[in-house]
Amino acid sequence: MHAPPWSVAERRAALGLAALLLGAVLAVAWRRREAAEVYALLYAALVLVYFGYHPRLALPLYAVGLAALGDLLRSGAVRVVRPPGASGIAAVALLALAALDFEPRRGWDGIEEGHQRRLERARVVGARLAPQDRVAAVAGLHDSAYLERSIWGLHWAIRDAGDPAAAEPIIDKYAVDTVLVGESKRDREIAGYLEERYGQPERAGAARIWRVRP
């Protein structure tokens with residue numbers, strides 16, 4: 001599902017670009033102290049200590065950083081050429097950066113494989129669920145999207161309590177009658193508890209379905 005891992009050279013290039021963009025944001029923020037740059041710096045401070053970093057969290061910084069870099073390029077170029085030409089130089093530089101980084105189908109085979117796997121899972125699981133079933137899962141984000149129905153998540157309650165039995169208050173609160181369990185490590189941890197309390201599950205391909213309330 002994920003893109004291929006980066007090479008050492010790609011990681012170094014990414015770190016260099018990140019430093020360049022952050023430096024541009026700092027420079028522009030120092031010059032004019034406007035909302036976009038102040039936001040980007042505060043956001044960067046938050047991301048640096050965030051407990052669950054993912055590359056998509058850097059997208060706002062990338063957007064503001066590119067704008068700041070373009071601003072600096074234009075400001076530097078306007079010292080040697082007229083303003084229209086300076087804008088053109090900045091635009092060409094940013095387009096060159098985009099061309100170097102243009103790889104819209106990176107990891108596409110893995111993404112397609114994951115999509116097909118989830119489609120098949122949704123087909124098999126969906127055949128076992130009735131429209132009126134109220135379904136929960138350890139982490140049901142993808143299942144909710146592919147099954148096109150609401151699925152309550154149990155992961156955070158279980159993680160905070162350190163006990164799979166913490167799922168029970170959520171089951172009661174939202175009148176959940178069905179729990180969908182997959183093959184991930186988190187799913188396996190709750191599977192033992194559900195089997196001990198509710199007996200053997202229904203099988204739906206690699207997934208298991210427990211009926212937890214009458």
Side-chain angles (χ1 to χ4, degrees), residues 1-3 5 35-36 38-64 107-108 110-214:
M1 183 67 181
H2 299 289
V38 172
Y39 159 78
L41 293 174
L42 293 175
Y43 185 81
L46 174 63
V47 168
L48 287 173
V49 297
Y50 191 63
F51 69 92
Y53 177 77
H54 190 281
R56 65 175 177 265
L57 296 177
L59 287 175
L61 295 173
Y62 189 65
V64 176
W108 187 262
I111 293 171
E112 176 66 17
E113 179 186 349
H115 172 63
Q116 293 299 330
R117 185 171 62 249
R118 288 191 170 97
L119 279 178
E120 177 61 17
R121 173 184 169 100
R123 184 188 68 79
V124 175
V125 170
R128 300 296 187 92
L129 299 178
Q132 68 271 19
D133 289 341
R134 298 177 65 83
V135 184
V138 176
L141 177 63
H142 289 111
D143 287 317
S144 180
Y146 280 84
L147 289 167
E148 297 183 352
R149 63 188 300 158
S150 296
I151 295 182
W152 284 268
L154 306 174
H155 168 66
W156 296 110
I158 294 172
R159 192 202 71 165
D160 291 346
D163 183 356
E168 297 294 343
I170 297 176
I171 290 171
D172 289 332
K173 180 177 180 179
Y174 297 103
V176 169
D177 54 29
T178 303
V179 177
L180 175 62
V181 176
E183 295 297 316
S184 72
K185 179 181 177 180
R186 290 182 299 182
D187 285 272
R188 291 195 297 270
E189 289 172 353
I190 194 177
Y193 167 80
L194 293 172
E195 185 170 339
E196 181 179 347
R197 175 154 186 176
Y198 298 105
Q200 292 298 314
E202 300 175 28
R203 286 283 179 175
R208 289 166 285 180
I209 300 173
W210 269 274
R211 306 296 181 176
V212 297
R213 295 289 186 270

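- Residues R208 and E202 fail the side-chain proximity criterion, which asks for heavy atoms closer than 4.5 Å.
- Using modelled atom types and a 3.5 Å distance limit, the side chains of E112 and Q116 yield a donor-acceptor pair.
- Counting all heavy atoms, side chain and backbone alike, Y50 lies closest to L57 at CD2-CD1, 3.6 Å.
- In this structure, L41 CG and L46 CG are separated by 13.0 Å, a value rounded to the nearest 0.5 Å.
- Residue pairs meeting the salt bridge (Lys or Arg N to Asp or Glu O under 4.0 Å) criterion with at least one partner in residues 130-143, sequence neighbours excluded, are R121-D143, D133-R211.
- The line from OG of S144 to CG of L180 is 11.0 Å long, rounded to the nearest 0.5 Å.
- To the nearest 0.5 Å, atoms CH2 (W156) and CD1 (I170) are separated by 12.0 Å.
- A salt bridge does not link E189 with R186: none of the charged nitrogens is closer than 4.0 Å to a carboxylate oxygen.
- For the pair V179/I209, no side-chain contact is recorded, criterion being any heavy-atom separation below 4.5 Å from C-beta on.
- The CG atom of D187 lies 10.5 Å from the NE2 atom of H155; values are rounded to the nearest 0.5 Å.
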Checklist line | R149/L129 under side chain to side chain contact (heavy atoms under 4.5 Å, CB included): CA gap, chis, key distance, verdict | finding: CA-CA 11 Å; R149 63 188 300 158; L129 299 178; 3.5 Å; yes
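- Y174 places no side-chain N or O within donor-acceptor distance of the main-chain N or O of I151, the cut-off being under 3.5 Å.
- Among all heavy-atom pairs drawn from A36 and V64, the shortest one is O-CG1, 3.7 Å.
- A 4.5 Å side-chain heavy-atom check between W210 and E195 finds at least one atom pair inside the cut-off.
- In this structure, the side chains of L147 and V125 come closer than 4.5 Å at one or more pairs of heavy atoms.
- Counting only residues at least two apart or on different chains, the side chain to side chain donor-acceptor pair (under 3.5 Å) pairs with a member in residues 160-171 are E168-Y193, E168-R197, E168-Y198, E168-R213.
- At a threshold of 4.5 Å between non-hydrogen side-chain atoms, the residues Y146 and H115 count as touching.
- The minimum heavy-atom distance between I190 and P164, with the atom names listed, is CG1-CB, 4.1 Å.
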Check: Step by step, would you call L61 with Y43 a side chain to side chain contact (heavy atoms under 4.5 Å, CB included)?
Finding: CA-CA 8 Å; L61 295 173; Y43 185 81; 3.5 Å; yes
